[in-house]
Amino acid sequence: MNECLDKIIDNYLENEGNVLTILQDIEKYYGYISEDAVCRIARELDIHPSRFFGIASFYSQFHLKPRGKNIITICRGTPCHIKGSEKILGRMRMELDVSRDEETTEDQLFTLEEVNCVGACGISPVVAINGQVHGEMDINKMMREISKLRADN
Ligand code: FES
């Protein structure tokens, strides 16, 4: 961990970076905005930690909690909703045993998240699995995808 933090700090100092750059580096290295990482960097650079968390909570690209190894993104836009995304989401919450507030599984294998539109409404309902868009999704297809991911991990 310290090696990663040293690289982030060096990168900031060498490139006259800004807080946003540091946050992007933390997200890249850790997969989320680690409080420990922010506090150490803030101390080293003499920047108040609240500056980091203020910016991180503003941008949706940053995640304040650890994320799972696999990211399941279910589209909740109107076209996807009409074609049954709500049922897929409900089934996935049950299958992965996550609630609205706690969207990463205990074993850190999956993070279940929602999005408003991924721009593929013509093939709704849409689910992105680790960034790969799957169209015309249904519960059976989702269950197969989840099984494959579990087998691979
Ligand atoms: S609303 Fe789901 S892809 Fe557009």
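For this chain, numbers begin at 1 and follow the sequence in order. Whatever order the structure lists them in is the order used to number ligands and atoms, beginning at 1.
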Any idea which part of Cys121 is under 4.0 Å from ligand 1, heavy-atom wise: side chain, backbone, both or neither?
both
CD (Glu114) with more than 12 external heavy atoms under 6.0 Å
yes
Short check: any N/O/S atom of Cys75 below 2.8 Å from atom 2 (Fe) of ligand 1?
yes
Approximate separation, where rounding is to 0.5 Å, of Lys83 NZ and Asp138 CG:
12.0 Å
Check ion pair Arg40-Asp6 (N to O, under 4.0 angstrom)
yes
For ligand 1, which atoms sit closer than 4.0 Å to a heavy atom of Val118?
3 (S)
For the residue pair Thr111 / Glu103, report whether a side-chain donor-acceptor contact shorter than 3.5 Å exists.
no
Go through the side-chain N and O atoms of Asp107 and Thr105 and say whether any donor and acceptor fall under 3.5 Å apart.
yes
May I ask whether Ala120 places a heavy atom under 4.0 Å from ligand 1?
yes
Output yes if Cys117 passes the N/O/S-under-2.8 Å test against atom 4 (Fe) of ligand 1; output no otherwise.
yes
